[in-house]
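In listed order, ligands and their atoms are each counted from 1.
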Amino acid sequence: MAFPKTRLRRMRATETHRRMVRETTVAIDDLIYPLFVTHGRNIRREINSMPGCFQLSVDLVTAEAKEISVLGIPAVILFGIPAHKDETGTEAYSANGVVQQAIKAIKDSVPELLVITDVCLCEYMSHGHCGVVREGRILNDPTIELLAREAVSHAKAGADIIAPSDMMDGRVTAIRGGLDKEGFEHIPILSYAAKYASGLYGPFRDAAESTPQSGDRRSYQMDPANAREALREVSLDIEEGADMVMVKPAISYLDIICKIKERWDIPVAAYSVSGEYAMVKAAGRLGWIDESRVMMELLTSIKRAGADLILTYFAKEAAILLRGKEKR
Ligand code: PBG
Ligand code: ZN
């Protein structure tokens with residue numbers, strides 16, 4: 001039926017009309033907040049390129065976790081800034097590592113908040129790559145053994161969900177095997193299945209102090225030009241035992257989220273990365289865009305594409321805004 005019988009504007013007349021036919025909503029339950037933990041005491045260092053985000057020492061992480069939980073956000077994902085970096089990423093799998101300490105502290109003080117841990121080596125390696133480097137090559141198979149050790153040490157510290165972000169082949173198999181052997185068969189894996197070699201990770205690398213000393217990550221992270229390959233990555237990770245899969249970054253990769261959602265029933269997470277956050281914050285500060293409006297528009301588009309979960313540095317701001325709406 002066409003115009004003049006059909007007028008799509010009729011149901012756009014007021015906010016109440018629009019609320020009734022809204023197809024997508026962002027819920028606080030969908031959000032995951034990334035945290036950066038560092039050694040020392042009473043440290044709260046704002047990240048230059050990520051206003052409102054901080055490197056926090058373990059003692060301050062618990063107060064932050066409490067605040068996040070009170071807002072209704074169900075989970076955090078932890079990244080560590082180690083005291084010492086070396087060629088084997090020792091602190092990544094040390095029982096006393098900064099992430100392991102943070103996991104324990106959060107689970108002791110805010111047990112209802114789920115702790116997801118990013119499993120990767122780049123923050124802990126002197127060269128800043130996500131794997132073991134020998135003669136300029138990033139070696140796959142020795143790396144996945146270390147990743148399994150790291151995952152087990154996180155689980156021993158009390159991690160609820162393990163999220164490998166390295167993009168090595170076979171790491172889900174290695175991590176699943178490692179966890180199961182140590183009695184952690186109940187711990188889910190959220191795999192960064194389609195992680196692209198993106199320029200949007202710049203601010204994160206300042207935050208986590210994990211910029212590669214030489215070269216780049218293109219020999220393991222995906223080429224931004226490829227979509228079908230992302231489906232192969234996802235398919236393999238599901239076969240290897242991933243419980244949930246992730247697409248990263250989010251806003252430039254909504255087609256990938258959509259395709260995954262069409263093909264599989266597995267929960268899909270999207271990581272709206274540091275560069276996405278920084279762009280919105282920068283333009284907002286310059287007065288060039290309405291920051292909180294754009295924030296909600298981007299989060300809504302990520303959900304509309306098919307994401308069930310969104311990892312975002314906006315999680316707290318979005319939760320505050322969504323709570324305000326609920327009360328009205
Ligand atoms: C580490 C890792 C990165 C991010 C999450 N885990 C950075 C990278 O691959 O260099 C990026 C997150 C962000 O930009 O917000 N493998
Ligand atoms: Zn890495």
N/O/S from H129 sitting under 2.8 Å away from the Zn ion (ligand 2):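 Not a single backbone or side-chain N, O or S atom of H129 is under 2.8 Å from the Zn ion (ligand 2).
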Go through ligand 1 atom by atom and flag the ones less than 4.0 Å from a non-hydrogen atom of [X].
X    : answer
K195 : 1 (C), 2 (C), 3 (C), 6 (N), 8 (C), 9 (O), 16 (N)
Y313 : 12 (C), 13 (C), 15 (O)
C120 : 16 (N)

I251-L200 co-clustered via ILVMFWY side chain contacts under 4.5 Å: yes
same_hphob_cluster(F79, I43) at 4.5 Å side-chain heavy-atom cutoff: no
In plain terms, say whether [X] and [Y] are close enough for a salt bridge, that is, a side-chain N and a carboxylate O under 4.0 Å apart.
X    : Y    : value
E15  : R22  : yes
R176 : D180 : yes
E233 : K195 : no

Row check, Y201 ring normal vs K248 NZ/CZ: under 6.0 Å, within 45°: yes
Closest candidate by heavy atom, reference atom 6 (N) of ligand 1, pool Q221, K248, M167, H129: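 When every heavy atom of Q221, K248, M167, H129 is considered, K248 comes closest to atom 6 (N) of ligand 1.
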Of the side chain and backbone of [X], name the one, both, or neither that has a heavy atom under 4.0 Å from an atom of ligand 1.
X    : answer
S274 : both
Y277 : neither
D118 : side chain

Y313 and F36 aromatic ring geometry - parallel, tilted or perpendicular at 30°/60° bounds: parallel
Residue-ligand contact Y271/ligand 1, heavy atom below 4.0 Å: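 The answer is yes, since Y271 has a heavy atom less than 4.0 Å from ligand 1.
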Sub-4.0 Å heavy-atom contact, C122 with ligand 1: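 Yes.
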Backbone of L298 reached by a side-chain donor or acceptor of S301 within 3.5 Å: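 Confirmed, S301 side chain pairs with L298 backbone.
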Short N or O distance, S165 and ligand 1, threshold 3.5 Å exclusive: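 Yes; the residue has a nitrogen or oxygen that sits under 3.5 Å from a nitrogen or oxygen of the ligand.
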S210-ligand 1 polar pair, N/O distance under 3.5 Å: no
Protein contact of atom 10 (O) of ligand 1 - nearest heavy atom, named by residue and atom, plus distance: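 Protein heavy atom at minimum distance: R205 NE, 2.6 Å.
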Identified side-chain hydrogen bond (donor to acceptor under 3.5 Å, both in side chains) counterpart of S126 within the set K85, E87, H84: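 Between S126 and the candidates, side-chain hydrogen bond (donor to acceptor under 3.5 Å, both in side chains) is satisfied uniquely by E87.
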